[in-house]
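Note that the coordinates shown come from a computational prediction; the quantities given were computed from them, not determined experimentally.
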Amino acid sequence: VQLQASGGGLVQAGGSLRLSCAASGRIRAIDGMAWYRQAPGKQRELVAAISSGGSANYADSVKGRFNISRDSAKNTVNLQMNSLKPEDTAVYYCNIDGLHITTMRLSTFDAWGQGTEVTVSS
């Protein structure tokens with residue numbers, strides 16, 4: 001399973017960006033989908049996650065500003081980021097887990113995207 005993330009870039013404080021992450025491969029089912037971020041010199045942290053049933057959770061720092069959504073038909077997870085702040089500057093990674101078809105059987109997978117950089121200027 002491979003993940004392809006897109007949508008990062010440079011934006012001024014108060015602006016918006018939309019990140020997308022598409023999974024490809026012999027996917028049978030997707031369970032959880034999430035976005036993490038890692039700022040320079042800091043540990044990777046969970047930003048938002050969405051379950052297979054559509055329940056979403058957010059880090060306190062982004063509540064009310066970010067919205068995670070999923071398109072199960074397209075194996076895609078999106079992160080709409082509004083009212084961006086300089087402290088949102090980081091590399092954002094998508095993470096998806098589920099079931100895929102390997103040789104003769106189903107197996108679980110836990111895949112990461114390559115990271116997309118978000119820079120918010122003050």
Side-chain angles (χ1 to χ4, degrees):
V1 176
Q2 293 185 329
L3 305 187
Q4 181 65 48
S6 61
L10 173 65
V11 65
Q12 288 187 333
S16 298
L17 283 174
R18 181 178 176 86
L19 305 183
S20 293
C21 178
S24 61
R26 302 179 70 188
I27 298 169
R28 178 65 180 85
I30 289 180
D31 190 8
M33 309 177 94
W35 287 94
Y36 289 74
R37 68 186 180 187
Q38 188 166 17
K42 295 187 177 181
Q43 290 187 333
R44 188 173 298 188
E45 63 174 353
L46 177 66
V47 176
I50 186 166
S51 70
S52 58
S55 296
N57 291 290
Y58 299 90
D60 288 343
S61 59
V62 307
K63 282 181 180 177
R65 299 188 297 121
F66 290 11
N67 183 68
I68 189 170
S69 62
R70 60 190 289 163
D71 184 336
S72 296
K74 296 181 179 180
N75 294 336
T76 299
V77 59
N78 304 303
L79 186 68
Q80 178 65 43
M81 305 185 294
N82 301 322
S83 303
L84 283 161
K85 304 176 181 180
E87 50 263 44
D88 294 318
T89 295
V91 177
Y92 285 70
Y93 299 89
C94 54
N95 173 248
I96 297 176
D97 64 83
L99 293 173
H100 69 143
I101 300 171
T102 58
T103 305
M104 301 299 291
R105 65 189 184 96
L106 284 173
S107 298
T108 58
F109 72 88
D110 187 339
W112 289 86
Q114 82 280 15
T116 183
E117 191 165 357
V118 172
T119 303
V120 185
S121 63
S122 57

What distance do [X] atom [atom1] and [Y] atom [atom2] have between them, rounded to the nearest 0.5 Å?
| X | Y | atom1 | atom2 | result |
| --- | --- | --- | --- | --- |
| Asn95 | Trp35 | CG | CH2 | 10.5 Å |
| Gln2 | Ile96 | CD | CD1 | 12.5 Å |
| Thr76 | Met33 | OG1 | CE | 6.5 Å |
| Ser69 | Asp71 | OG | CG | 8.0 Å |

Under the side-chain contact (heavy atoms from CB on, under 4.5 Å) rule, what do His100 and Thr102 come out as? Steps first, then yes or no, please.
CA-CA 6 Å; His100 69 143; Thr102 58; 3.5 Å; yes
Which class fits the ring pair Tyr36 and Trp112: parallel under 30°, tilted 30 to 60°, perpendicular over 60°?
tilted
State, with a plain yes or no, whether a side-chain heavy atom of Tyr92 is found less than 4.5 Å away from one of Met81.
yes
Would you check if Val47 and Leu79 make a side-chain contact, meaning some heavy-atom pair closer than 4.5 Å?
yes
If every non-hydrogen atom of Lys42 is compared with every non-hydrogen atom of Gln38, which pair is closest and at what distance?
O-NE2, 3.1 Å
Closest contact, heavy atoms only, Leu46 versus Ala49:
CD1-CB, 4.3 Å
Just by distance, with hydrogens left out, do Thr119 and Thr89 show a side-chain donor and acceptor under 3.5 Å apart?
no
Validation: residues 6-30 side-chain donor-acceptor distances under 3.5 Å, sequence neighbours left out:
| residue | atom | partner | partner atom | Å |
| --- | --- | --- | --- | --- |
| Ser16 | OG | Asn82 | OD1 | 2.9 |
| Ser20 | OG | Asn78 | OD1 | 2.8 |

Under 3.5 Å, side-chain donor or acceptor atoms of residues 53-67 against the rest of the protein: list the pairs with distances, not counting sequence neighbours.
| residue | atom | partner | partner atom | Å |
| --- | --- | --- | --- | --- |
| Tyr58 | OH | Asn67 | OD1 | 3.3 |
| Tyr58 | OH | Ile68 | N | 3.0 |
| Asp60 | OD1 | Lys63 | NZ | 3.1 |
| Ser61 | OG | Arg37 | NH2 | 3.3 |
| Arg65 | NH1 | Ser83 | O | 2.9 |
| Arg65 | NH1 | Asp88 | OD2 | 2.8 |
| Arg65 | NH2 | Ser61 | O | 2.8 |
| Arg65 | NH2 | Asp88 | OD1 | 3.0 |
| Arg65 | NH2 | Asp88 | OD2 | 3.4 |

